[in-house]
Amino acid sequence: MAVTTLGACRITSPMAPLLDARRTTEHYVDEQDRVLLDDTLAGISSRGVPASELPGMEPCGPRRKIFFDPAKTRAAIVTCGGLCPGLNDVIAGLVRTLTYHYRVRRVVGIRNGYQGFVADYGHDVVELTPESVRDIATDGGTVLGTSRGPQDPDAIVDCLERLHVNVLFVVGGDGSMRGAMEIARTVAERGLLIAVVGIPKTIDNDIPYIDQSFGFQTAFSLASDAIRAAQVEAKSTANGIGLVKLMGRHSGFIACYAALARSGADVVLIPEVPFALDGEQGLLAHLRRRVAERGHAVVVAAEGAGQELLGGSGDAIDASGNARLQDIGPYLRRRIADHFADAGVDTSIRYIDPSYAIRSVPANPYDSVYCVRLSQAAVHAAMSGRTEMVVGRYRRRFVHIPMKVAVSRRNQVDPHGDLWMAVLESTGQPVRFG
Ligand code: ATP
Ligand code: MG
């Protein structure tokens, strides 16, 4: 969990006089302090090590001594990958903290993801000020734009050098963080002192050591509205079936939380729990029994659920090299319709896919607060010379996480854990279909 730093911190933070005057200097984080990985006696005991050797993470927050001289610092911000509620809150939070707390005068926004660094694309950079970002968080999306597809890390670092950037903030998902690690490696190879700090974005909530990713709460709230709509639709026709496809390529957190937020779902399908459609114990027979008992049924499927039924994605990949998933929604819809027709039961299926409508909304107030605090933590980390790391909240504390740890695996719903048990209790579906 050790975070890389660019060197010793010798510069007194410009926040110091301000904080001293208000007698709030205890706000500074002690460089030796750690947030412990374990928070149960069982966890601590299982390590079998003295307390001083217990694994922990660096706490986020301002340091009394910092690495970069704010008057000579230039910061850049880039957003990459798919949209997620809260991107503009993060951009605005970074700009404000850099300007107000550290008095960094020069903050540039890179347009359209990593493309914006590469001269051939011809994207301009934008100067960002507290004034220019004041109202951006009321809109969804990202004012800087985004992109997928590989870019040459040497071309990116050439651009950072040309712009005299000292601290780079990357707001993006796992792919963006892998890209950021390549940038940091190239920076180190050239002997440059540029901090690369990530604010991890994933609407699916799948980053390890992060309790909840920003935008997740906004996303599952709206997803639960889609479930309610499906329920209303299903209830208003005889033998009606509502089918909702939600985000969740590899992790079914949105589907689980959205289903728990509304009691309307009869079945939740997630990538972590394979299911069978056919047979008496299969999903289709279960649905038919539900419809017979209640007159309607609602199915919630995460987009990565049931890929094993669809024969995998073959070799299809997107611009960034991610495997393209087969579309479970229309497939389920067809199989359900065929099954009810074969059983001689008239039904009507309402299929709702709210994914793009959810990704593009502004963050709710909870996520906005979270984004602001993450962006403040990222600025403190970068100004103290930390690099190749992301900020996150672990057990409600803001911490520094090395990038390689953040991309080392995916957070997934544990099929034997309490979240999935809560879903099973709420829907009444069997532990497994088939
Ligand atoms: P999300 O998947 O949540 O939408 P992401 O950041 O994972 O976000 P990608 O499209 O996979 O989205 O990647 C964003 C950028 O990072 C792209 O420019 C892509 O080329 C780059 N990238 C992805 N994977 C890598 C990698 N392994 N090494 C270097 N760069 C990468
Ligand atoms: Mg990704």
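First listed ligand is number 1; within each ligand, the first listed atom is number 1.
Nearest to atom 9 (P) of ligand 1 by heavy-atom distance, out of Glu182, Arg359, Arg178, Arg148, is Arg148. Looking at Gly175, Gly149, Cys80, Gly179 and measuring to atom 17 (C) of ligand 1, the nearest heavy atom belongs to Gly149. Evaluated by nearest non-hydrogen atom to atom 14 (C) of ligand 1, the leading choice among Ala319, Ser176, Gly173, Gly172 is Ser176.
Taking atom 4 (O) of ligand 1 as the reference point, the nearest protein heavy-atom neighbour is Gly82 N, 2.7 Å. When hydrogens are left out, the protein atom nearest atom 8 (O) of ligand 1 is Lys201 NZ, 3.3 Å; that is the closest non-hydrogen contact. From the protein, the heavy atom lying nearest to atom 7 (O) of ligand 1 is Asp174 OD1, 2.5 Å.
Considering backbone and side-chain N/O atoms, Pro150 comes within less than 3.5 Å of an N/O atom of ligand 1. When only interatomic distances are considered, the shortest N/O to N/O separation between Ser320 and ligand 1 falls below 3.5 Å. Residue-to-ligand polar distances keep Gln151 apart from ligand 1: every N/O pair is separated by 3.5 Å or more.
Residues Asp89 and Ser368 bring a donor and an acceptor atom of their side chains to less than 3.5 Å of each other. No side-chain N or O of Tyr370 forms a donor-acceptor pair with one of Gln212 less than 3.5 Å apart. Side-chain contact, Ser355 with Asp353: a donor N or O sits under 3.5 Å from an acceptor N or O.
For the pair Arg409 and Tyr209, the cation-pi test (distance below 6.0 Å, angle within 45°) is passed.
Using 4.0 Å as the threshold, Thr202 has no heavy atom nearer than that to any atom of ligand 1. Distances from ligand 1 to the non-hydrogen atoms of Gln115 include no value under 4.0 Å.
A salt bridge does not link Arg162 with Asp158: every distance from a Lys NZ or Arg NE/NH1/NH2 to an Asp or Glu carboxylate oxygen is 4.0 Å or more. With respect to Lys245 and Asp327, a salt bridge is recorded, a charged nitrogen being found less than 4.0 Å from a carboxylate O. A salt bridge links Glu31 with Arg386: the distance from a Lys NZ or Arg NE/NH1/NH2 to an Asp or Glu carboxylate oxygen falls below 4.0 Å.
Just one residue in the list Arg290, Gln231, Gln429, His296 forms a side chain to side chain donor-acceptor pair (under 3.5 Å) with Asp266, and that residue is Arg290.
Enclosure of atom CZ in Arg373 is not indicated, since only 12 or fewer non-hydrogen atoms of other residues, nucleotides or ligands lie within 6.0 angstrom. Under a cut-off of 6.0 angstrom, the local environment of CG in Asp418 is sparse, with at most 12 non-hydrogen atoms contributed by other residues, nucleotides or ligands.
The closest side-chain heavy-atom distance from Asp204 to Ile254 is below 4.5 Å.
Counting heavy atoms under 4.0 Å from ligand 1, residue Asn322 touches it through the side chain alone.
Here the Mg ion (ligand 2) has protein N, O or S atoms under 2.8 Å from it, and they come to 1.
Phe433 is linked by a ring-ring contact (aromatic ring centres under 6.0 Å, His included) to His286, counting only residues two or more places apart in sequence or in another chain.
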